[in-house]
Structure formats: structure tokens, C-alpha cells
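To start, the structure under review is shown below, and the notes come after it.
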Number of protein chains: 4
Amino acid sequence: MAPGGLKRPTTDEMAKPARRNDVEGKRARRRRQVIDAAATVFAEKGYHGASTRDIAERLQMQQGSLYYYFPSKDAALEEVCRAGVADFVEGLERIVAGPAPAGDKIRAAVANHLEPFGDRPDYVRTFLFDRHALPRGARREVGALSRRYEALLERLFAEGVAAGAFRPDLDARVAMLAFIGTCNMAAMRGRSGEALPLHRMIAGFADLILAGAAVR
Amino acid sequence: MAPGGLKRPTTDEMAKPARRNDVEGKRARRRRQVIDAAATVFAEKGYHGASTRDIAERLQMQQGSLYYYFPSKDAALEEVCRAGVADFVEGLERIVAGPAPAGDKIRAAVANHLEPFGDRPDYVRTFLFDRHALPRGARREVGALSRRYEALLERLFAEGVAAGAFRPDLDARVAMLAFIGTCNMAAMRGRSGEALPLHRMIAGFADLILAGAAVR
Amino acid sequence: MAPGGLKRPTTDEMAKPARRNDVEGKRARRRRQVIDAAATVFAEKGYHGASTRDIAERLQMQQGSLYYYFPSKDAALEEVCRAGVADFVEGLERIVAGPAPAGDKIRAAVANHLEPFGDRPDYVRTFLFDRHALPRGARREVGALSRRYEALLERLFAEGVAAGAFRPDLDARVAMLAFIGTCNMAAMRGRSGEALPLHRMIAGFADLILAGAAVR
Amino acid sequence: MAPGGLKRPTTDEMAKPARRNDVEGKRARRRRQVIDAAATVFAEKGYHGASTRDIAERLQMQQGSLYYYFPSKDAALEEVCRAGVADFVEGLERIVAGPAPAGDKIRAAVANHLEPFGDRPDYVRTFLFDRHALPRGARREVGALSRRYEALLERLFAEGVAAGAFRPDLDARVAMLAFIGTCNMAAMRGRSGEALPLHRMIAGFADLILAGAAVR
DNA sequence: TATGAATGAGTATTCATTCAT
DNA sequence: GATGAATGAATACTCATTCAT
């Protein structure tokens, strides 16, 4: 179910000689630390509320040294947002394409949506709250992904209705919004001790979306 | 159902002589325009992304002149957030205290929650996304309101379970989170043409929360 | 003969009521001081070698306060360059259009060229040495003026040849270059005590260009 | 007539064994490339407008690697300026000391002055426009060379007057300035396609300085 | 009420330079 | 000989805020 996370430019990892791989690995690892720090700070204070100094301090590094790893704060946000949105669509596509009954698909979709909140919450939260701060081009690309995700989800509900698995009067668009809103709630509860365990959210949210609160 | 809105300096409105009242009214009206502008700009760019210049420009006013109306940007945020959160709790308290069956209460609560999004979306959205930027004191107060709101909502679900109206295995806390997440979805869809009409959201969200998506 | 200097936006000076005029005057005067300071610093250290701090210090002002008067260092350079190039073309056009014999026109042209070096040397020098640092648009405009000036000057020589006043084998293009190079020499000798008095340069340069060094 | 150019570490070239010489040659060649790149970049953007990164990029080299070839940007400028001013004085000294009539000497001096613009324009232009950015010591030395050059040139004119070859009322100082200004015009026309061929400038400038524009 | 001028601290970013490898 | 990583100071510019008028 699309665990993934972000394994940056690992491509042809084995093609390179060991030594080179090691060096590359070191550099990549450091780079990852830097982007991680950016994600954390962005998630904590918001993109505009976070300064490059904040990021540097967290790395015990000089402010300007960051620019060795990314060309601008904007670019860092872009990288974080892309990683934050990654896998959502792919995972959902696999689920939608699968053979399972509609109800199971919804359950799988909830799990697919919530897992990244456990894996890399700072990336996802930054994507959710600060994607509007992205520079034009990236905003558009990332926005397209979002819309694709929503369309898939809406289709999932619509197909459930068509298959007779969901109520015939179900408003697929509304259901899609409720699904996303519900799942993204996990983003607001981040980092605090008050957070519910993820598995409880996954099960609970799926039950609610499928069966609702009322007795039958 | 609790229209309210923010009629800020309503206090002792009638205590003052008519003339004075008129002048006060003018002043108050201007003041309102200023806070409105702040809310709009905060909602558009986020608190940290918005500058006092942005606010002043929207009012066709000089940057420094704003400070005649509020003592600091922080204070403006505070005022906006307070207005953004106002009525939510009062409305929900009235509903919870009422005699209606649990299902009807949920429907009423959805309406109570979504109405402010129609009335003063910029205030609500600023509250939702930027309350963490509030200065300590205000953040705590506003946080207390939030927690009170959540507690009320959770109680509403719990009482429904106890009364046999809701599934006995319903996780009231999870249901509360889903409720809020679902309803706050209205905030993300703001301002764009793609927004769904409010009444469709109210009905659809309530149906989903109560009956779920699956056929019975 | 090239009175000018730069009397910025003095337009319809008398149309406005006295009071307003006074205030406007004050603002304009301050603005002028700021641009003057920029011109001086640019002339002294070159555009890239000069920092906005340098400019501010010279005005006993805070660095950021400069931006009340111009929107960017680039813009300040543009204003300085425009003022530095102003009047050159107009003056030369008047001379070229006039009825005087070719030799007298050259003399007048030398005076026209050198006068701004006396009036506002920092502006002219900045234009001469740093116009290439101008942002695209302004560079083009200012470059067009330069080319127009050169074309006029070359025509002046060419017409002198045609009229029989100048040697028939005179290369007008080369003569134009020599003229400009010679006159711009005044820019290199700026500010230092070793500067020759302007009138001596005017007379001497004109004599040389017309009669050369050799005995007849 | 003083072709020269800069064969920097020519000293004790032959003292070393052939093999070493070869290696040294390689090193020297690389070194030359580096200084060449610096000269080009300085000429293009001005000393302060050029960054060490610009230089490194042009060499497809890492920024820090430059410091293997020069100890500081200042030092690179110094080397470029010294090479830019080299030979001017020596060449002129030879001409002044020679037996030719004054007019011929002027012609020779024009050629002497313009040749380096063909040989190593980036060096000469950097010297002309950025020598003021040199560190104190070098600036003084280079300034002394300049003054010596001017003095020689002025003497050349003065001796021409004394010898009756030049007009008795010729202002030698003014003539010297005109000479230099005229010849340095070649520096402004650099790199662009609009440049005149050097030989045309040499002949034309010399004619103008000697005979002037007017008919006799 | 409001403006225009200014401040002082802060922002992202660039730079020349260093140094272990 | 050269690289990659880093530094520390400087850069242009923005910001919230103040205050005399």
C-alpha cells in the first residue's frame, strides 16, 4: 500500500562503483537532512513565518550555507511540497484500479491517505498549509496533482453508487470533500501529545465514512 | 441560529446620546472596514505572508494610519481570530442543551458550524489557519474556546451513543474529529468558483456523518 | 547653450497653491538630495562598488529609509543615468540645425558636451561608466540616446566635409569618435585637484579637433 | 614596437631543466588561462560586478579552485591591471627617445597606444576602468606609471612646439589629454561588432591630432 | 483622522575565502 | 591540482512601528 516515503534521486543506485556511491550517499544524506529541517520548520511556523535562519539553526549551520543545498527558500518549499504530495495519487490509482468491492476500496483509500501523516508528517503538513506559497509553476503542477487525486476519489464514490454498494442518493462530490476533510484532520493534530494513534484514526474514519454514526 | 457576526463595540451602544452615537457610528464603521481588510488579507496570504502595507493598500490608506485603528498587527490578528471563532461555541451550547434527538442535533451542529463560513469566511479562515501566530495570551484563550467546542461536540456524539441513537461502538472522539475535519473542508474551498453551495454541503455532510456512504 | 541641469518634476510649478507648492517643494528637494547622494557615490565607487549603505551614510540616514525615495538601487541608477545623459542630445540638435559654419558648430558642440561635466559631473560620470549596469529597458533607451548623439555628431563632421569646411579625406566616423573620446576625458579628470579649468579644455579641445597640433 | 603582451613568469625561463620546464609550462599555461578568464570577466562586468564564481564558471572550474592560482580577487585584479598597463610606458619611452620628427613620433605613439587594444583588450579595459578598485599599494604603483606615461606624452607635444613642428600656441597638457581620450575611445568600442578596424583608428586618430579637421 | 518621513531590526541571498580530502 | 562543503560578513530590500505635523 504505497509505503514509499521519499527516496530522492536514488536512481540506478547499483550502477555506480561502491566508492562513488559512498560519496554520493554522503552528499545525498546531508541534503536530505537539510530538506528535512526545512520541512520541519515550515510545518512548525508556516512558510512565511519560518526564516532561513530557523532552518540553519536547526542544522547548526550558517544561514548562507543552506544555499549550497538549495537555490532559494522557494525551491526548498517546492521540494518539500512535492515530497509531501508524492505517493498519494499513485496509491489511490492502484486502489481505484483494483478489483476490491467499493467499501474495501474506501478503507484502503483512508489508509493510503493517512499513512504519509505517519511517515513524513512535516512534508504533508507543509504541502497542505503552504502550497499556496509556491511559485507559479510548481503551484500549478502540484495543484494538478491535487485535482487528480480529488477526481479519483470522487470517481471511487460514484462507482460505488453505480455498483449499488453506496446509497443511490449519495453526492459523490460531497463525499469526496468529507473524506479529504476528515482524513486531513490528522494534519491538525500533529506533533501534539493529544494525537490519536494512527490505526485508530484509520479504522474510525473509514467506519464513519462508510456506515455513519447512526444506528441502523 | 446564531447569526451574530461581529458587532464589536456593541457595548453600551444605547447609553450614548444620538449625535455622539452618530459620530461613534462613523468611527465604528471605519474601524470595521479596517478589520475587514485585515481579515481579507490575512485569509488571502496568511498572517505572516501579509504585510500591513497590503492591508493599507486595500483601504487606500497610508501604512501608518492603520495604527489609529489597532495597536499592532498582532492585535489585529487577535481581533480577527476572536471574531472568527465567535458564536461557534454559543451556538453549539444551545444545540447540545436542547431537547432534540441526537441526529437532529448533529444536523443542527453542522449548520451551526458552516454558517460562519458563509457570513464571514475571511475571519473564520484566518482563525483556522493562523491562530497559531497569535500572541501567547490570546492563543491560549482562543485555544480554550476550541477545546471547549471539541468537548461539546464529543459529548454530543457520546450522548447519542448512550441514548441508543448512535452505534454503540462509535468512537466519539474520532467522530468529533471527522465532524470538524469534514466541516472545515468548507474553508479550503473558499473564494474559488469551484465552491459548492453552502446548503448542499450542510445537507450532504450531515447525511454522511449520520448515515455514512454504504447502503443499509 | 545647454542650460538645463536637471530640474526634475517642476512642471506647472505655478499652477499649484503656494502652500501645496511648499510641501511638494520640500519633498522634491529631499528627493533630489537623495538622488544627488546616489550619483556622487556611484561616481566615486562605481555602481557595483557602491552600497546603499554608502548612500545612506552620506545622507546621515538609515539604509532602508532610502527606499522611501526610490524603489531599488537599479531605479536610482536609472534616474541618475537619465539625468546624466539629458540635454546632450537636445543641445547638439539645436547646434546641428543652426546656420553657423561647420567650424563654429564644432566649437559649440565641444562646449555643449563639456558643460554638463561642470554642472553635474557625478551624473555624467555615472552615465558614462555605469550605464551598462542599467536594467534592460533603461539600458536600451539610454543606448538609443547615445547612438542618436553619435549619429548627429558624425553628420556634423560629414556636412562640414561636404561644405568644404573640413578636409575632404576626413573620416567622419573616426572624427566623431575622437571628439567624444577627447571630450569625455573631462570625466576621468574629475574631482581631483589636477583638473584643468573647463574653459581651457573647451577652447583647447576645439582648437585641436579643428586645427590639429601641427603647424600649417 | 613593443608587442609584448604578458609573458608573466618569463623570469629564469631557461634556467630550469627541460622536463621541469615542460611541467612548469603546463602549469604556467593553466595559470595564464585563469588570469585570462579573470581579465575577460572583469572587462565584461567590471571588477565589482564580477564574482569569482563567474571566473570559475568560465573555466569550468570550482570557485575555490581559483585560489590555487591567485591568493585573492584583488591580487587577480592587480595582475590583470599590471599586464594591462605594461609596455605602454616602455614603448612610449623608446619613441620619445628616438630621433624621428615630432609628427612621426605622434603617429608612432598612437600606434603604440592602440596596439594593446588589439592584443589584449580585456586587460587594457580592466586597467582603464577598474584600476581605482586596486588595493592601495598597487593603485599607487600603477598610478605612477600612468602619470609617467602622461608626462612623457606631454613632453612629446612640448618638444614638438619647441622644435617648431607644432603650433606655438599649442597647450601641451590639453593636447596630451585629447590624445589619451581619443585613443582610449578604442576601449569603449570593444567587443561589439560596430568596432572600427584598428588600423583605421590608428591612421585616422593620428591625422586628426596632427592636422585637425579643418581645411588648410 | 490621517499623512509622510523615518527607524531599526529583520529578510533572503551572494560573496570572497578557507580547508580537509 | 582540484573539489565540495562551509564560513562569516556583506548585500539589497522589507517590515512593523513611531511620530511630528
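All of these numbers come straight from a predicted model, not from anything done at the bench. Chain identifiers are assigned alphabetically (A, B, ...) following the order of the sequence lines, protein sequences preceding nucleic acid strands; residue numbering begins at 1 within each chain.
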Checklist entry - In whole Å, what is the span from the CG atom of A:Leu59 to the C1' atom of F:dA6? => result 13 Å
Next on the checklist: Applying side-chain hydrogen bond (donor to acceptor under 3.5 Å, both in side chains), can you list everything that pairs with A:Arg30, at least two apart in sequence or on another chain?
Outcome noted: A:Gln33
Checklist entry - Who passes side-chain hydrogen bond (donor to acceptor under 3.5 Å, both in side chains) against D:Gln62, sequence neighbours left out? => result none
Checklist entry - Who pairs with A:Arg140 by salt bridge (charged side-chain N to carboxylate O under 4.0 Å, His left out), at least two apart in sequence or on another chain? => result none
Checklist entry - Has D:Arg139 got more than 12 heavy atoms of other residues, nucleotides or ligands less than 6.0 Å from its CZ? => result yes
Checklist entry - Is the shortest distance from a Lys or Arg side-chain nitrogen in A:Glu44 or A:Arg125 to a carboxylate oxygen in the other one below 4.0 Å? => result no
Checklist entry - Residues in side-chain hydrogen bond (donor to acceptor under 3.5 Å, both in side chains) with D:Gln63, at least two apart? => result D:Thr52
Item to check | Rounded distance in Å - OH (C:Tyr68) to C1' (E:dA5) | outcome: 5 Å
Checklist entry - If you check every side-chain atom of C:Tyr69, which of E:dA5, E:dT7, F:dA5 has the closest atom? => result E:dA5
Next on the checklist: With a cut-off of less than 4.0 Å, is there a side-chain N or O of C:Gln62 near OP1 or OP2 of E:dA6?
Outcome noted: no
Item to check | Contact under 4.0 Å: D:Arg30 side-chain N or O vs F:dG1 OP1/OP2 | outcome: no
Next on the checklist: Ring-plane angle category for B:His48 and B:His132, please: parallel below 30°, perpendicular beyond 60°, tilted otherwise.
Outcome noted: tilted
Checklist outcome for this item: For DNA chain E, the expected dot-bracket line (Watson-Crick or G-U under 3.5 Å, [ ] crossing, | inter-strand) is .||||||||||||||||||||
Item to check | Annotated protein contacts, base or backbone, on nucleotides 11-21 of chain F with a non-hydrogen cut-off under 4.0 Å, one of B, S, - each | outcome: SBBB-BBB---
Checklist entry - Expressed in angstrom and rounded to an integer, what is the separation of D:Leu66 atom CG from F:dG4 atom C1'? => result 14 Å
Checklist outcome for this item: Which of E:dT3, F:dG1, E:dA5 is nearest the side chain of B:Met61? It is E:dT3
Next on the checklist: Between the side chains of D:Glu79 and D:Arg31, is the shortest nitrogen-to-carboxylate-oxygen separation below 4.0 Å, so that they form an ion pair?
Outcome noted: yes
